[in-house]
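Presented below is the structure to which this report refers.
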Amino acid sequence: MAAEGTGGKTLEERVRLIEDRLAIYNLIASHPPSADTGAGEFVASVWTEDGVFDRGAEFPRPTGRVAIAGGSSNPEHHRAIEQGIAHFAGLPYVRVTGDTAIAISYLQILVPDRVGPVFEVPNHGSSRGFHVHRVSANRWEFVRTAEGWKIRRRMLRPLDGTPPARDILRGAFEPSTSGASD
């Protein structure tokens, strides 16, 4: 029996939707720690075999979980880790439609400021702070597999005033393609 105000969904359907969203939130939340530690094996485990990671024209576009995970072992990526890179994700908007889902989110890349003035924060020590290197809009596409939710495609575009990032962000307002979830 469906409760009022729930779009006609049964309790089981509503619980499954909550569980699906939590699983997707956890996938997105795992990205910063995996990127900042070079956890290639973990990265490979969360992508589909034919996944695509599209960071725009200025970056390589790895296809397939092995190639995507390979970015974690890239010497340049490890140099960034050694310099203190920090990926900082915003809470995503998630829309689940059956066995597929999309998420729209922000990602900041922070790096320690090595040249700025030292300042002190009471009870937190002193630091030169961090520099915001980049802020991007993300579109994540997921598919439900026998092993759980996996990333099928991820597209990032820098928030630099050009249309591509705004186009991604507008995805949070697109109507669902079916009434299956949301």
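Only this structure's heavy atoms are used, side chains among them; waters, hydrogens and symmetry mates stay out.
In plain terms, the two heavy atoms of Ile104 and Ala172 that are nearest each other are CG1-N, 3.7 Å. The two residues Pro92 and Ala103 come nearest to each other via the heavy atoms CB-CB, 4.3 Å. Shown here for Ser136 and Leu156, the closest heavy-atom pair between the two residues is CB-CD2, 4.0 Å. In plain terms, the two heavy atoms of Ala137 and Ile168 that are nearest each other are O-CD1, 3.8 Å. The two residues Gly40 and Ala69 make their nearest non-hydrogen contact at O-CB, 3.3 Å. When all heavy atoms of Ser30 and Pro33 are compared, the pair lying nearest together is O-CD, 3.3 Å.
Two residues are said to be in side-chain contact when any heavy atoms from C-beta on lie closer than 4.5 Å; Phe53 and Val43 fail this criterion. Residues Ile81 and His78 have side chains in contact (heavy-atom distance under 4.5 Å, counting atoms from C-beta outward).
Residues meeting the salt bridge (charged side-chain N to carboxylate O under 4.0 Å, His left out) test with Arg144, sequence neighbours left out: Asp20, Asp99. Residues passing the salt bridge (charged side-chain N to carboxylate O under 4.0 Å, His left out) test with Glu147, sequence neighbours excluded: none. Considering only residues two or more places apart in sequence or on other chains, Arg154 meets the side-chain hydrogen bond (donor to acceptor under 3.5 Å, both in side chains) condition with His31, Asn138. For Arg166, there are no salt bridge (charged side-chain N to carboxylate O under 4.0 Å, His left out) partners, not counting sequence neighbours. Under the salt bridge (charged side-chain N to carboxylate O under 4.0 Å, His left out) criterion, Glu49 pairs with Arg65, sequence neighbours left out. For Asn26, the side-chain contact (heavy atoms from CB on, under 4.5 Å) test picks out no residue, with sequence neighbours left out. Every residue two or more places apart in sequence or in another chain that forms a side-chain hydrogen bond (donor to acceptor under 3.5 Å, both in side chains) with Asp50 is listed here: Thr48.
In this structure, CH2 in Trp149 is found 12.0 Å from CD in Glu19, a value given to the nearest 0.5 Å. Note that CZ of Arg170 is 13.5 Å distant from CZ of Arg139, once rounded to the nearest 0.5 Å.
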Evaluate Ile151 against Ile68 for side chain to side chain contact (heavy atoms under 4.5 Å, CB included), listing each step before the verdict.
CA-CA 11 Å; Ile151 305 163; Ile68 294 166; over 6 Å; no
Run the side chain to side chain contact (heavy atoms under 4.5 Å, CB included) check on Glu141 and Thr100 step by step: do they pass?
CA-CA 7 Å; Glu141 297 176 14; Thr100 63; over 6 Å; no
Determine whether Lys150 and Arg152 satisfy the following criterion, side chain to side chain contact (heavy atoms under 4.5 Å, CB included), listing intermediate values before the conclusion.
CA-CA 6 Å; Lys150 303 280 183 184; Arg152 179 173 45 204; over 6 Å; no
Just do the side chain to side chain contact (heavy atoms under 4.5 Å, CB included) check on Leu11 and Arg14 with the steps written out, would you?
CA-CA 5 Å; Leu11 178 60; Arg14 292 176 17 230; 4.3 Å; yes
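A single hydrophobic cluster is seen to contain both Tyr106 and Ile102, as judged by linkage of ILVMFWY side chains at heavy-atom distances under 4.5 Å, directly or through other members. Hydrophobic clustering of Ile, Leu, Val, Met, Phe, Trp and Tyr side chains at less than 4.5 Å, counting indirect connections, unites Ile24 with Phe42. Hydrophobic cluster membership is shared by Leu27 and Tyr25, with clusters built from Ile, Leu, Val, Met, Phe, Trp and Tyr side chains linked at under 4.5 angstrom. Val52 and Ile28 are assigned to two separate hydrophobic clusters, defined by single-linkage of ILVMFWY side chains at heavy-atom distances under 4.5 Å. Placement of Trp47 and Val66 in two distinct hydrophobic clusters is found when ILVMFWY residues are connected by side-chain heavy-atom separations under 4.5 Å, directly or transitively.
For Phe88, the CZ atom counts as loosely surrounded, since its 6.0 Å shell holds 12 or fewer non-hydrogen atoms of other residues, nucleotides or ligands.
Within the structure, salt bridge (charged side-chain N to carboxylate O under 4.0 Å, His left out) contacts touching residues 69-78 (residues at least two apart or in different chains) are Glu76-Arg79. Pairs of residues two or more places apart, or lying in two chains, that qualify as side-chain hydrogen bond (donor to acceptor under 3.5 Å, both in side chains) and include a residue from residues 53-63 are Asp54-Arg61, Asp54-Arg153, Asp54-Arg157. Within the structure, side-chain hydrogen bond (donor to acceptor under 3.5 Å, both in side chains) pairs that include any residue of residues 36-45 comprise Asp36-His87 (at least two apart or interchain).
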Enumerate donor-acceptor pairs with a distance under 3.5 Å from any side-chain N or O in residues 107-121 to protein atoms, sequence neighbours excluded.
unit_1	atom_1	unit_2	atom_2	d
Asp113	OD1	Val115	N	3.0
Asp113	OD1	Gly116	N	2.8
Arg114	NH2	Gln83	O	2.7

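Taking the six-membered ring where tryptophan is involved, the planes of Phe142 and Trp140 are essentially parallel, since the angle between them stays under 30° and well short of 60°.
Listed by chain and number, the hydrophobic cluster partners of Val143 come to none, as no ILVMFWY side chain reaches under 4.5 Å of it.
Formation of a donor-acceptor pair under 3.5 Å by the His77 side chain with backbone atoms of Ala35 is found in this model.
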